[in-house]
Each structure stands twice: as structure tokens, then as C-alpha cells.
*Asks:* 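Before we start, here is the structure in question, set down as C-alpha cells.
Counting from 1, the numbers follow the sequence of the chain as shown.
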Amino acid sequence: MLKIDQPMHIKPQILANLEGEKSWRLKDYVARGGYAALRKILREKTPPEKIIAELKESALRGRGGAGFPTGLKWSFMPKQYAGEKYLVCNSDEGEPGTFKDRDILRYNPHMVIEGMAIAAYAMGTARGYNYIHGEVWDVYLRFEEALDEARAGGFLGQKILGSDFSFELFAHHGYGAYICGEETGLLESIEGKKGQPRYKPPFPASFGLYGKPTTINNTETFAAVPWIIMNGGAKYLEVGKPNNGGTKIFSVSGHVNRPGVYEIPMGTPFARLLEMCGGMRGGRKLKACIPGGSSMPVLPGDVMMQCDMDYDSIAKAGSMLGSGAVIIMDETTCMVKALQRLSYFYFEESCGQCTPCREGTGWLYRVVHRIEHGEGRPEDLDLLTSVSDNIAGRTICALGDAAALPVKSFVKHFRPEFEYHIENKKCLVPVDVQRAGSRIYVEHAAC
């Protein structure tokens, strides 16, 4: 059972009314208004272009990381194409710190199915796939159960709800590789190939799955669609702020009292979100925050406390909202050690296709590793920046940038801490303080 621990005046759109024991079942979803949006467009024979117009008015932006306008993306699907077209949901949630999509699929899978069915109707696609991260097998099984219920209920398959619209949807179990979260690497994986990103152009809208036009959106993006269809794009936009419509689900982890999944209106102050999470553990000070997942630039605590949680505000502060994975670090955190762990992840997850990423991520990890272990040299900080600059923008996909951005931001904002490691051969944050912070973290996590 999902516990929604939020103030009453904040009304979730995706995580609403999920406190029941079987919130994921079809009968429970229908009881809280589920599939009403799909019934509405089929009953009224809503023109596809009107649905896309509502999405554009809503200012719904892709919730997977890039924040691309959803309505605009849907409009790229060729209308007059006579062959097969595909719809794909990206549920390959591999970004460290991100755990929202698996909860949507675990507790409200039918909202994703309904959103995908509406998208299929709007773009004229008859077949879709949901690519689910390989390390959450229970979620995959839960979604398969939901698909069976939807087919039995007449919400998927041929002539849905007695209309002329047909749409079939399948779950595809991923392989646990971070690179498959990149949309073209995901397409390669569905086709049974090694999950390596493709060159773009051509873009998926013209040459996607099996070489056919394909639209790919994130789990949370599809889940937002039924609410927009029922309440209108203008109403959805009112919930958020200009250019940032609706609510956003954040995965909050780290040194807070109540880590978890929180759905809040776009533009909510970060300080408010931190308050909802029970504040800092042990009453400690906020040292740093990564606002959008491990691939985004880190921000110092004082900067983060002045931010609002929306794409434009976070970008103005020097980072990105990304997937909405908010990683909180208090004063017990050694920033060099934190960066070492992140750098190792990207070194391990590089698919090796591009030389700058394959070789550069290894360099980044090794240099940060030696700084952390008392073997750093004064010139290493400039070397880290130089290597990062020679990776970013020089690879087929954005994994190279994902590895480079954290390194540059950690060194930029916490350079004195790195210099202390190099000069004194030890952490600026005493080991006993680090252990105290870790102990508080483990004790709270066990509660």
C-alpha cells in the first residue's frame, strides 16, 4: 500500500486516492474515475488534433528528464503515414536517485495504460510497448496483470469500448542497463539488439522502432494525460506555472527525515518540499542538493533553498530538473567521496560505443578516486575539467554529458574541499562525522 504523506491542500493528480489495499486493480481505478477520459474521447469522437492542442495548452513537458513539450512531440508523428506506427513508454528508470515511475506502475498502472491508449488514438498508432527496467521484476509482473485486466475490460485490443479504435499494448522487460534509458538505445533493446544509442537524425518520429515512426514518452508523462483530457489543458496549466504545467512527482532521497515520492505543483519552492520531507535528518545543515538525478549538476544548499521546483527555475540556478530525483546531502557528506561514487557509476554504465565516453568516464573516475585516496595532485582539478569538456557534446547520446556535468559542478562549487584532499591527503569532513551521518541515515531507513 502506498502512503501519500502530503498536506491536504496539495492535491495530487497521479498519486491521488491510492491509499486502498488494492489501488492497482481495475475496479479500484474505475471507481475513482479511471478510463473516463478514454470513454469521453471515443464517445465524442474527439478529433486527434484537438487532443494534441489540449496537450500543447497544458504545457506538459516530458517527465523523463529532457522536459520537451509533450504536445509538440505528439505533433511530430506523421499523420498520413500508411504503414505501422508505434508508441513506446520509457519505464527504464535507471537514473540513481529516481524511483517514482516504479511506484506509478506499482500502484496506479491503469492510469499509464489509459494515457497510452489516448496517445495512440491521437497519433493513429495501433501498437505500443512499455519498456520496464530490468531490476524491478515485481513491477513488470504488476503491469502485466493490469494489461490482462484492461484487455478483459475492453480498454485494450480490437474495437475498444465498441468504437472503431483498436490498440494493443505490451510490456517489455528490460535488461538493467542504464544506457537503455536513452530512447534509441531502448528501441534497439526492444528489437533484441545490444542497447546502444543510434545516431540522430533520423529521429524516432520518422525512423524509430523497426524503422517505423515512433513516439516515446516517460511513464509519468503518459500518466498525466487522462487528467488533462478530463479537466482541460488550461486547468492543468493553472496548477503549475507558465511553461511548466501541472504537478511533478519527485523522488526525494538522502539526509531527510521522510525520504519518498512526493507529487507537488510545478513551481513549488524547494524549501516547501524539504519541509514536506520532514526537514534535514538530525537537524543538520543542508550542504548540497542534486535536483534532478545523478546526471545533473549539483547545487550548494544555500542556492537550492532559493529555488522553485520547475524546469526554468532550476535551469536559472545552474542545474536541471531532470527526472525529478532530489538527492539531499548534509554537512556530514564528503563531496569528493560522493563524486567518486557517481563517477564510478557512469564509468561502469558507458556502453563503450563512443571513444570520448568510453575512455573519458574511466579517466574521470580514476582521477577522483586518487584524490579521495590521498594521491591527488594540484593539477588534477584542471584535468577533471578538461576531460569533462572533451566528453560533453562529443558523444552519440547524452551519457557522456551525464558523466561530465556532475564532475564540473562538484569541482566548481566545492573546490576548496577537493583542494583540502589534495593538500592534506585526507577528507575535510572528519571520518567520524561522516560515519555519524551515515548512522543517522541507516537508523532512519530501518524505521
*Asks:* Angle between ring planes, Tyr35 versus Phe155, binned at 30° and 60°: parallel, tilted or perpendicular?
*Replies:* parallel
*Asks:* Given the rule in the side-chain contact (heavy atoms from CB on, under 4.5 Å) test, do Arg39 and Leu161 qualify, once you have shown the distances and angles that lead to the verdict?
*Replies:* CA-CA 7 Å; Arg39 289 182 186 276; Leu161 300 176; 3.6 Å; yes
*Asks:* Less than 4.0 angstrom from a charged side-chain N to a carboxylate O is my criterion; do Asp148 and Arg151 meet it?
*Replies:*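 Answer for the salt bridge query: yes.
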*Asks:* Using 0.5 Å steps for rounding, measure from the CG atom of Asn130 to the OG1 atom of Thr219.
*Replies:* 6.0 Å
*Asks:* For residues Arg32 and Asn17, report the shortest heavy-atom separation together with the two atoms involved.
*Replies:*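 Distance-wise, the nearest heavy atoms are CD-O, 3.9 Å.
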*Asks:* How many angstroms lie between CG in Leu274 and CE in Met309, if you round to the nearest 0.5 Å?
*Replies:* 10.5 Å
*Asks:* Which pair of non-hydrogen atoms, one from Gln353 and one from Gln196, has the smallest distance, and what is that distance?
*Replies:* NE2-CB, 3.5 Å
*Asks:* Could you report the tightest heavy-atom contact between Gly267 and Lys241, atom names first, then the distance?
*Replies:* CA-CD, 3.6 Å
*Asks:* Donor-acceptor check, side chain of Asn390 to backbone of Ser386, threshold 3.5 angstrom: yes or no?
*Replies:*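 Flag set: sc Asn390 to bb Ser386 pair under 3.5 Å.
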*Asks:* About how many Å separate NZ of Lys212 and OG of Ser206, when rounded to the nearest 0.5 Å?
*Replies:*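 Interatomic distance, Ser206 OG to Lys212 NZ, rounded to 0.5 Å: 12.5 Å.
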*Asks:* Would you please test Tyr346 and Tyr178 for ring-ring contact (aromatic ring centres under 6.0 Å, His included) and show each step?
*Replies:* CA-CA 9 Å; Tyr346 290 103; Tyr178 176 71; 5.7 Å; yes
*Asks:* A side-chain contact here means heavy atoms from C-beta on lying under 4.5 Å apart; do Leu169 and Tyr129 qualify?
*Replies:* no
*Asks:* Cation-pi check, Arg106 to Trp24: give yes when NZ or CZ is under 6.0 Å from the six-membered ring centre and within 45° of the ring axis, no otherwise.
*Replies:*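 No, Arg106 does not sit over the ring of Trp24.
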*Asks:* Show your reasoning for whether salt bridge (charged side-chain N to carboxylate O under 4.0 Å, His left out) applies to Glu149 and Lys27.
*Replies:* CA-CA 9 Å; Glu149 287 187 318; Lys27 65 177 183 179; over 6 Å; no
*Asks:* Can you see whether Tyr311 has Arg61 sitting over its ring - NZ or CZ less than 6.0 Å from the centre and within 45° of the normal?
*Replies:* yes
*Asks:* Could you verify whether a donor N or O on one side chain and an acceptor N or O on the other, from Asn90 and Asn217, lie under 3.5 Å apart?
*Replies:*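 Distance-only check fails for Asn90 and Asn217.
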*Asks:* Of the options Ile179, Leu399, Ile396, which is the one that meets Cys357 in a side-chain contact (heavy atoms from CB on, under 4.5 Å)?
*Replies:*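 It is Leu399; the other options fail the test.
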*Asks:* Restricting to non-hydrogen atoms, name the atom on Ile14 and the atom on Ala224 that form the minimum distance, rounded to 0.1 Å.
*Replies:* CD1-N, 4.0 Å
*Asks:* Tell me if a side-chain donor or acceptor on Ser251 pairs with a main-chain N or O of Lys100 at a distance below 3.5 Å.
*Replies:*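 Yes; at least one donor-acceptor contact below 3.5 Å.
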*Asks:* Between Ile391 and Glu359, is the side-chain contact (heavy atoms from CB on, under 4.5 Å) condition met? List the steps.
*Replies:* CA-CA 9 Å; Ile391 298 174; Glu359 303 299 326; over 6 Å; no
*Asks:* More than 12 non-hydrogen atoms from neighbouring residues, nucleotides or ligands closer than 6.0 Å to CG on Asp164, yes or no?
*Replies:*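 No, because the 6.0 Å sphere around CG of Asp164 holds 12 heavy atoms or fewer from other groups.
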*Asks:* Name every donor-acceptor pair, under 3.5 Å, that has one atom in a side chain of residues 41-51 and the other anywhere in the protein, sequence neighbours excluded.
*Replies:*
none

*Asks:* Evaluate the ring planes of Tyr365 and His369, with Trp represented by its six-membered ring, and classify them as parallel (under 30°), tilted (30 to 60°) or perpendicular (over 60°).
*Replies:*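 Rings of Tyr365 and His369: tilted, as their planes differ by 30° to 60°.
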*Asks:* Would you give me the side-chain donor-acceptor pairs under 3.5 Å for residues 315-328, sequence neighbours excluded?
*Replies:*
{"residue": "Ser319", "atom": "OG", "partner": "Pro297", "partner atom": "O", "Å": "2.6"}
{"residue": "Ser323", "atom": "OG", "partner": "Thr98", "partner atom": "OG1", "Å": "2.9"}
{"residue": "Ser323", "atom": "OG", "partner": "Gly292", "partner atom": "O", "Å": "3.3"}

*Asks:* Between CE of Met116 and CG of Leu156, what distance do you get to the nearest 0.5 Å?
*Replies:* 9.5 Å
*Asks:* Going through the checks in order, is the side-chain contact (heavy atoms from CB on, under 4.5 Å) test met by Lys287 and His255?
*Replies:* CA-CA 10 Å; Lys287 181 175 184 177; His255 297 120; over 6 Å; no
*Asks:* Which residue is it: Arg341, Gln340, His421? I am looking for the one with a side chain to side chain donor-acceptor pair (under 3.5 Å) to Glu372.
*Replies:*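 Checked Arg341, Gln340, His421 against Glu372; only one passes side chain to side chain donor-acceptor pair (under 3.5 Å): His421.
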*Asks:* In plain terms, say whether Glu263 and Lys248 are close enough for a salt bridge, that is, a side-chain N and a carboxylate O under 4.0 Å apart.
*Replies:*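 The answer is no: the pair does not qualify as a salt bridge.
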*Asks:* Would you list the atom pairs, donor with acceptor, under 3.5 Å between side chains in residues 79-87 and any protein atom, with sequence neighbours excluded?
*Replies:*
{"residue": "Lys85", "atom": "NZ", "partner": "Pro78", "partner atom": "O", "Å": "2.9"}
{"residue": "Lys85", "atom": "NZ", "partner": "Met123", "partner atom": "O", "Å": "3.0"}

*Asks:* For His173 and Tyr140, run ring-ring contact (aromatic ring centres under 6.0 Å, His included): C-alpha distance rounded to whole Å, both residues' side-chain angles, the deciding distance at 0.1 Å, then the answer.
*Replies:* CA-CA 7 Å; His173 188 246; Tyr140 172 80; 5.1 Å; yes
*Asks:* How many angstroms lie between CD1 in Ile132 and OG in Ser91, if you round to the nearest 0.5 Å?
*Replies:*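 Spacing of CD1 (Ile132) from OG (Ser91) equals 5.5 Å.
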*Asks:* Excluding sequence neighbours, so at least two apart, what forms ring-ring contact (aromatic ring centres under 6.0 Å, His included) with Phe165?
*Replies:*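 ring-ring contact (aromatic ring centres under 6.0 Å, His included) list for Phe165, sorted by chain: Tyr121.
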*Asks:* Can a salt bridge be assigned to the pair Lys200 and Glu182 using a cut-off of 4.0 Å between side-chain N and carboxylate O?
*Replies:*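 Salt bridge: yes.
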*Asks:* A side-chain contact here means heavy atoms from C-beta on lying under 4.5 Å apart; do Val261 and Val252 qualify?
*Replies:*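 No. Closest side-chain heavy atoms not under 4.5 Å.
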*Asks:* Would you check, one step at a time, whether the test ring-ring contact (aromatic ring centres under 6.0 Å, His included) holds for Phe76 with Phe203?
*Replies:* CA-CA 10 Å; Phe76 293 157; Phe203 292 94; 8.8 Å; no
*Asks:* Identify the two heavy atoms, one from Pro406 and one from Ala402, that lie closest to each other, and give their separation to 0.1 Å.
*Replies:* CD-O, 2.9 Å
*Asks:* Would Asp389 and Lys408 pass as an ion pair if we require N to O under 4.0 Å?
*Replies:* yes
*Asks:* Should we count NZ of Lys235 as having more than 12 external heavy atoms under 6.0 Å?
*Replies:* no
*Asks:* Less than 4.0 angstrom from a charged side-chain N to a carboxylate O is my criterion; do Arg127 and Glu168 meet it?
*Replies:* no
*Asks:* Do Arg415 and Asp382 meet the salt-bridge criterion of a basic N to acidic O distance under 4.0 Å?
*Replies:* yes
*Asks:* Quick one: sort the His110 and Tyr29 rings into parallel, tilted or perpendicular, breaks at 30° and 60°.
*Replies:* parallel
*Asks:* Report yes if some heavy atom in the side chain of Cys289 is under 4.5 Å from a heavy atom in the side chain of Met329; otherwise report no.
*Replies:*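 They are not in contact (no side-chain heavy atoms under 4.5 Å apart), so the answer is no.
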*Asks:* Drop me the distance from Asp103's CG to Glu220's CD, to the nearest 0.5 angstrom.
*Replies:*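 Asp103 atom CG to Glu220 atom CD measures 11.5 Å (nearest 0.5 Å).
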*Asks:* Is any side-chain heavy atom of Tyr262 closer than 4.5 Å to a side-chain heavy atom of Leu273?
*Replies:*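 Answer yes - side chains close enough.
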*Asks:* Can you give me the closest heavy-atom contact between Val112 and Cys89, atom names plus distance?
*Replies:*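 In this case the closest contact between Val112 and Cys89 is CG1-SG, 4.2 Å.
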*Asks:* Are Glu95 and Ser294 packed together at the side-chain level, in the sense that at least one heavy-atom pair is separated by less than 4.5 angstrom?
*Replies:*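 Result yes, sub-4.5 Å side-chain heavy-atom pair found.
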*Asks:* Is the shortest heavy-atom distance from the side chain of Trp363 to the side chain of Leu384 under 4.5 Å?
*Replies:* no
*Asks:* I'd like to check the ring-ring contact (aromatic ring centres under 6.0 Å, His included) partners of Phe99; sequence neighbours left out, ordered by chain and number.
*Replies:*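 If we apply the ring-ring contact (aromatic ring centres under 6.0 Å, His included) test to Phe99, skipping adjacent residues, there are no hits.
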*Asks:* Please list all pairs passing the ring-ring contact (aromatic ring centres under 6.0 Å, His included) test where one or both residues lie in residues 223-254, with sequence neighbours left out.
*Replies:*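 Found Trp227-Tyr236.
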